[in-house]
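Before any comments, here is the structure.
As the structure lists them, so they are numbered: ligands from 1, and atoms in each ligand from 1. All values derive from a computational prediction rather than experimental measurement.
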Amino acid sequence: LTLVKTLSPGVRLRAVLARFTIVLGVALAFGSLAPQGWAADTGPAIEISGEPVQSGLLIGRGPAGVEVHVNDTRVRQSPEGLFLIGLDRDAPADLVIEVRPPSGGAKLTYRLAVKSRDYDVQRIDGLPERSVTPKPEDVARITADSNALREARQRDSVHLALLAGFVWPLEGRISGVFGSQRILNGKPRQPHRGIDIAAPSGTPVRAMAGGTVSLAAPDMFFTGRTVVIDHGHGLSSIYAHLHEIDVKPGETVEAGRIIGQVGQTGRASGAHLHWGVSLFDAFLDPALLARHPALATAGAPAN
Ligand SMILES: [Zn+2]
């Protein structure tokens with residue numbers, strides 16, 4: 001038996017979220033995905049916090065012990081029933097969440113419409129030409145960096161530290177937003193997969209949430225001195241162009257722990273932090289995460 005519930009996430013979900021926000025405050029705001037009149041014995045209902053929009057993060061909560069599948073991929077649930085859904089920069093409009101009770105009872109299917117976003121075009125000139133069009137001898141190093149970063153993104157640790165605390169890595173002017181189509185030295189390149197925060201070289205950079213350092217690389221071709229932190233359930237954050245790194249791979253960090261200093265290493269036209277967030281290979285907008293209704297945020301940017 002399959003029950004299909006089609007939800008228009010716009011008005012209804014927002015209304016529910018607003019109500020829950022008032023009741024629970026900003027610490028944990030969940031909106032129920034179960035339609036009105038949902039009978040308790042029909043099956044497990046799930047709750048979702050966050051806006052279904054491209055490059056956004058949804059935090060779900062369901063009864064512990066059910067199986068949750070998102071677009072046919074099973075996702076990890078915490079002992080409290082929490083699970084994460086990452087909507088890529090170009091996520092399709094249709095999101096399908098399936099909940100399968102352990103007893104083999106009715107499988108429930110939820111559908112969410114993912115809002116699309118328009119992204120800016122950003123032109124950056126004055127970069128060293130070799131960083132925009134690498135030389136043939138750079139390719140092996142670029143490939144090795146890319147493999148190491150991809151491997152770090154695949155971690156699926158049990159411990160989910162995200163909800164224990166969330167901070168901006170540093171305060172400063174946002175000099176590059178997420179998702180922009182980039183024209184570097186006049187040449188079209190990959191979209192921007194994070195946000196840039198301008199700050200003087202040497203400014204401390206903090207871990208956005210607790211987790212384990214999965215990568216601390218001294219010299220990557222594009223990202224320079226680079227730290228990646230694994231926050232559990234496939235969620236990672238990357239901090240690039242650092243001047244110094246203050247953590248080692250395998251180290252456990254709390255939210256707000258200083259992990260390094262702002263620098264200009266790798267492909268950078270000035271001192272800034274590149275801060276990226278991903279759920280496995282889905283790249284998320286850190287600015288949306290910082291406004292997430294389920295996360296209490298600290299240290300909002302200066303602008
Ligand atoms: Zn950047």
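- Cation-pi check for R89 over Y119 is met; the charged atom lies under 6.0 angstrom from the ring centroid and within 45 degrees of its normal.
- Screening L84, D88, L235 for a side chain to side chain contact (heavy atoms under 4.5 Å, CB included) with L284, the sole residue that qualifies is L235.
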Enumerate donor-acceptor pairs with a distance under 3.5 Å from any side-chain N or O in residues 210-223 to protein atoms, sequence neighbours excluded.
unit_1: S214; atom_1: OG; unit_2: V228; atom_2: O; d: 3.3
unit_1: D219; atom_1: OD1; unit_2: R141; atom_2: NH2; d: 3.2
unit_1: T223; atom_1: OG1; unit_2: T226; atom_2: OG1; d: 2.7

Determine all donor-acceptor pairs shorter than 3.5 Å in which one atom belongs to a side chain in residues 198-207; sequence neighbours excluded.
unit_1: S201; atom_1: OG; unit_2: V262; atom_2: O; d: 3.4
unit_1: T203; atom_1: OG1; unit_2: P200; atom_2: O; d: 2.6
unit_1: R206; atom_1: NH1; unit_2: G256; atom_2: O; d: 3.0

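- In this structure, R153 fails the cation-pi test against F280, since its NZ or CZ atom is not both closer than 6.0 Å to the six-membered ring centre and inside 45 degrees of the ring normal.
- A ring-ring contact (aromatic ring centres under 6.0 Å, His included) check over residues 171-194, counting only residues at least two apart or in different chains, returns the pairs H192-H274.
- With waters left out, the protein N, O or S atoms under 2.8 Å from the Zn ion (ligand 1) add up to 3.
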